[in-house]
Structure formats: C-alpha cells, structure tokens
Amino acid sequence: MTEKKKTTIILFSGDYDKAMAAYIIANGAAAYDHEVTIFHTFWGLNALRKDEPSTLKKGFLEKMFARMMPRGSDKMGLSNMNFAGMGPKMIKHVMKKHNAMSLPHLIELAQEQEVKLIACTMTMDLLGLQQEELLDGIEYAGVAAYLADAEDGNVNLFI
C-alpha cells in the first residue's frame with residue numbers, strides 16, 4: 001500500500017483572495033487523497049476568527065489588535081483593488097454569479113474533508129488572540145508541529 005501524499009500550506013496573508021487560493025488548493029489536494037495541513041500564522045489567523053465579537057478580558061494592545069483585524073474570513077480585504085471595501089463586495093458578487101464557493105464555505109469544506117487547520121500559538125500570544133475567538137474544530141500548535149508535517153510533504157506552499 002502506498003503512503004498518502006502530504007500537502008502543507010503556511011497561510012501568512014490576511015487577504016481574502018490569497019486565503020481563498022490556499023483553501024482551494026487545500027480542498028483540491030484533499031480531494032486527490034492528500035493529507036493536508038494549513039498552518040495559519042500572523043494575519044492568516046484572521047481566516048479562523050469567529051464572526052461574533054469576543055467578551056473576553058484583554059489588555060489595551062490586545063483590544064487594539066482585535067479591533068483592527070477583520071473578524072471572520074468573510075470580512076478580509078483583497079490584496080489588490082480593495083477600494084476601501086468595495087473590491088471584496090465586487091469579487092463576492094462575481095463569485096456568486098459564477099457559483100463559486102465563498103471563503104467561509106471553502107473553510108467548512110476543508111473541515112469536512114479533514115484538512116488539518118492549525119492556529120500558530122506563538123502568533124496568537126503576540127496578537128492577543130484566544131482559543132474562544134477562533135473556529136471550533138481546529139488545532140493549536142507551534143512551528144515545530146508544522147515542520148513535522150512539512151518534512152514529509154510532497155507539496156509545501158507559503159501563501
């Protein structure tokens with residue numbers, strides 16, 4: 001029996017279009033029976049944030065980061081042509097017209113396909129994010145866990 005191929009992705013970007021690319025690739029690899037890991041770090045953690053505001057106690061800097069970062073994958077901006085928030089509205093309209101899946105749906109599909117979604121614990125500490133603010137069913141780990149997956153990876157991407 002052949003070993004499953006592995007695909008690992010580091011999602012560093014907090015841009016809607018780049019996160020979509022990461023999740024499209026992840027879902028495609030999972031459909032081809034790859035074992036897939038997405039390691040979310042820095043601004044890529046925004047893809048895992050829940051939409052609801054947090055009621056957790058936080059310090060001043062943590063509150064500032066929480067207010068400045070988009071709450072949930074659907075509120076992320078575009079890498080180009082953001083146009084003060086109009087760009088994401090336009091791209092979502094075009095995606096709907098062409099029956100393309102939205103980023104929140106791609107994330108749900110990845111979870112259904114058992115893509116391993118990891119939140120970087122060091123970055124969570126730096127940005128003041130807590131587990132209660134992130135989606136259910138994800139894993140929490142440091143860079144060593146990602147490296148362990150990537151070491152045997154057939155495809156390793158940084159987005």
Side-chain angles (χ1 to χ4, degrees), residues 4-54 65-66 68-124 127 129-143 145-150 152-159:
K4 258 190 170 184
K5 290 188 175 186
K6 288 187 174 188
T7 296
T8 67
I9 300 169
I10 295 174
L11 182 55
F12 176 82
S13 175
D15 296 323
Y16 189 89
D17 47 325
K18 291 178 183 177
M20 277 202 58
Y23 274 91
I24 289 168
I25 293 166
N27 282 309
Y32 276 100
D33 205 32
H34 285 215
E35 192 177 302
V36 184
T37 298
I38 305 177
F39 185 75
H40 301 75
T41 189
F42 283 91
W43 316 120
L45 280 170
N46 289 318
L48 298 177
R49 286 187 76 196
K50 291 178 180 174
D51 295 337
E52 312 88 45
S54 168
F65 274 123
M68 290 188 289
M69 294 186 306
R71 189 175 290 116
S73 61
D74 211 34
K75 297 200 176 59
M76 296 165 75
L78 293 178
S79 60
N80 290 301
M81 299 188 300
N82 197 44
F83 302 131
M86 284 304 296
K89 286 183 174 98
M90 291 187 304
I91 197 74
K92 288 172 191 173
H93 174 74
V94 171
M95 288 168 54
K96 191 173 186 177
K97 184 177 171 185
H98 291 278
N99 295 318
M101 290 181 90
S102 67
L103 181 54
H105 287 113
L106 288 168
I107 293 170
E108 284 177 29
L109 179 60
Q111 288 182 304
E112 288 170 14
Q113 293 196 89
E114 298 180 3
V115 170
K116 190 189 306 183
L117 305 180
I118 301 175
C120 177
T121 51
M122 184 198 75
T123 304
M124 287 176 65
L127 300 178
L129 290 172
Q130 297 175 28
Q131 290 186 11
E132 295 82 4
E133 297 176 86
L134 302 181
L135 299 176
D136 297 329
I138 64 173
E139 297 180 31
Y140 300 88
V143 71
Y146 168 76
L147 291 173
D149 284 342
D152 299 325
N154 303 88
V155 179
N156 297 303
L157 303 171
F158 184 92
I159 300 175

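This is a predicted model, so every value here is computed, not measured.
The 12-atom threshold is not exceeded at CD of E114, counting heavy atoms of other residues, nucleotides or ligands nearer than 6.0 Å.
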Checklist entry - For F39 and L147, what are the C-alpha separation, side-chain angles and deciding distance, and is it a side-chain contact (heavy atoms from CB on, under 4.5 Å)? => result CA-CA 10 Å; F39 185 75; L147 291 173; over 6 Å; no

Checklist entry - Which is it for Q131 and M124 under the side-chain contact (heavy atoms from CB on, under 4.5 Å) test, yes or no, and what are the steps along the way? => result CA-CA 9 Å; Q131 290 186 11; M124 287 176 65; 4.2 Å; yes

Item to check | side-chain contact (heavy atoms from CB on, under 4.5 Å) between M122 and T41, intermediate numbers included | outcome: CA-CA 8 Å; M122 184 198 75; T41 189; 5.7 Å; no

Next on the checklist: Using salt bridge (charged side-chain N to carboxylate O under 4.0 Å, His left out), reason through E35 and K6 one step at a time and then give a plain yes or no.
Outcome noted: CA-CA 5 Å; E35 192 177 302; K6 288 187 174 188; 3.7 Å; yes

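The line from CD1 of I159 to OG of S79 is 11.5 Å long, rounded to the nearest 0.5 Å. With rounding to the nearest 0.5 angstrom, the CG atom of D152 is 10.0 Å from the OG1 atom of T8. Atoms CE and CG, from M101 and L106 in turn, are 5.0 Å apart once rounded to the nearest 0.5 Å. The NE2 atom of H40 lies 5.5 Å from the CG atom of L117; values are rounded to the nearest 0.5 Å. Atom CE of M95 and atom NE2 of H105 lie 10.0 Å apart (nearest 0.5 Å). Here the OG1-CD1 distance, from T7 to I38, works out to 10.0 Å after rounding to the nearest 0.5 Å.
For the residue pair G72 and D51, the shortest heavy atom distance occurs at CA-OD1, 3.4 Å. Closest of all the heavy-atom pairs between S13 and K18 is OG-CD, 3.3 Å. Contact record, A47 with I107: O-CD1, 3.4 Å, taken as the closest heavy-atom pair. Of all heavy-atom pairs spanning L48 and A119, the tightest one is CD1-CB, 4.1 Å. Nearest heavy atom pair, residue V36 against residue A30, reads CG2-N, 3.7 Å. Between V115 and A26 the shortest heavy-atom distance is CG2-O, 4.2 Å.
Residues N27 and Q113 meet the side-chain proximity criterion, which asks for heavy atoms closer than 4.5 Å. The shortest distance between side-chain heavy atoms of I25 and V155 does not fall below 4.5 Å. The shortest side-chain heavy-atom distance between H93 and M90 does not fall under the 4.5 Å cut-off. When side chains are defined from C-beta on, R49 counts as touching L129, because their heavy atoms get closer than 4.5 Å. Residues Q111 and I138 are in side-chain contact: their nearest non-hydrogen atoms beyond the backbone lie under 4.5 Å apart. The side-chain heavy atoms of L103 and Y23, taken from C-beta on, include a pair separated by under 4.5 Å. Contact annotation: the side chain of T123 never approaches that of F12 to less than 4.5 Å [non-hydrogen atoms, C-beta and beyond]. Side-chain contact between Y140 and L134 is present, with heavy atoms from C-beta onward closer than 4.5 Å.
Residues forming a ring pair (Phe, Tyr, Trp, His ring centres under 6.0 Å) with Y16 (at least two apart in sequence, or on another chain): none.
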